[in-house]
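Have a look at the structure that comes next, please.
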Amino acid sequence: MLEPLNVVWILPVLFIIHDLEEVIMMKVWKQRYSSLLSKMRVAPFGANRSTAVFACAVLEEFVLLVIVSLYSIWSGNL
């Protein structure tokens, strides 16, 4: 059985693994499907056309998850 402290860290770790894969593959994916993306009224990434901007958004969400995890540990709300 997993300890509650370990469970708290599973979400940020899984989140960063998943989103790093998306950051790495975003440029290739956008190149591959550029003809379909140009036909869409609303792009899947919104107005975001840059991998760097997407990576910054991922970083912001990751930092929030880490802060919430740290607060959960500090407050004892495991």
Side-chain angles (χ1 to χ4, degrees):
M1 193 75 160
L2 290 173
E3 295 289 325
L5 181 62
N6 295 335
V7 173
V8 168
W9 290 110
I10 288 175
L11 179 61
V13 169
L14 290 178
F15 172 81
I16 202 65
I17 289 170
H18 167 74
D19 275 10
L20 279 178
E21 177 266 332
E22 287 184 358
V23 168
I24 292 168
M25 295 303 296
M26 183 177 174
K27 184 175 181 180
V28 174
W29 185 87
K30 284 171 62 175
Q31 288 173 347
R32 182 177 297 160
Y33 295 104
S34 63
S35 61
L36 291 173
L37 289 172
S38 63
K39 295 176 186 176
M40 294 179 155
R41 280 190 1 212
V42 177
F45 300 107
N48 176 16
R49 298 288 179 202
S50 166
T51 303
V53 172
F54 182 71
C56 286
V58 168
L59 176 64
E60 177 188 344
E61 291 178 14
F62 178 69
V63 167
L64 288 173
L65 278 173
V66 169
I67 289 170
V68 168
S69 296
L70 287 172
Y71 180 74
S72 175
I73 292 168
W74 176 76
S75 66
N77 290 327
L78 301 175

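Index from 1, following the sequence.
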Query raised in the report: Judged by atom type as modelled, is there a donor-acceptor pair below 3.5 Å linking the side chain of S72 to the main-chain atoms of V68?
Result: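 Not a single qualifying donor-acceptor pair exists.
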
Query raised in the report: Rounded to the nearest 0.5 Å, how far does CG of L65 lie from CD of E60?
Result: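 With rounding to 0.5 Å, CD (E60) is 11.0 Å from CG (L65).
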
Query - Distance in Å, S34 OG paired with K39 NZ, rounded so as to fall on 0.5 Å steps - result: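 Reported value, rounded in 0.5 Å steps: 10.0 Å.
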
**Report entry** Residue pairs passing the ring-ring contact (aromatic ring centres under 6.0 Å, His included) test where at least one lies in residues 57-77, sequence neighbours excluded
**Finding:**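 Listed by first then second residue: Y71-W74.
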
**Report entry** Nearest heavy-atom neighbours spanning V58 and F15
**Finding:**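 Smallest interatomic distance, heavy atoms only, reads O-CE2, 3.7 Å.
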
Query raised in the report: Between T51 and M26, what is the shortest heavy-atom contact and its length?
Result: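 Smallest interatomic distance, heavy atoms only, reads CA-SD, 4.1 Å.
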
Requested in this report: Kindly work out whether a path of hydrophobic side-chain contacts (I/L/V/M/F/W/Y, heavy atoms less than 4.5 Å apart) joins L11 to V8.
Outcome: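 Yes, L11 and V8 fall within the same hydrophobic cluster.
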
Query raised in the report: Any chain of hydrophobic side-chain contacts (each under 4.5 Å) joining I24 to W29?
Result: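 Different hydrophobic clusters.
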
**Report entry** Under the side chain to side chain contact (heavy atoms under 4.5 Å, CB included) test, residues paired with L20 that sit two or more places apart
**Finding:**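 I16.
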
Query - CG-CG distance between D19 and L14, expressed to the nearest 0.5 angstrom - result: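 D19 CG to L14 CG: 11.0 Å, rounded to 0.5 Å.
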
Query - Stepwise side chain to side chain contact (heavy atoms under 4.5 Å, CB included) check, W9 with L70 - result: CA-CA 9 Å; W9 290 110; L70 287 172; 3.8 Å; yes

Query - Co-membership, hydrophobic cluster, residues V23 and V28, 4.5 Å side-chain - result: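 No; V28 is not reachable from V23 via cluster members.
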
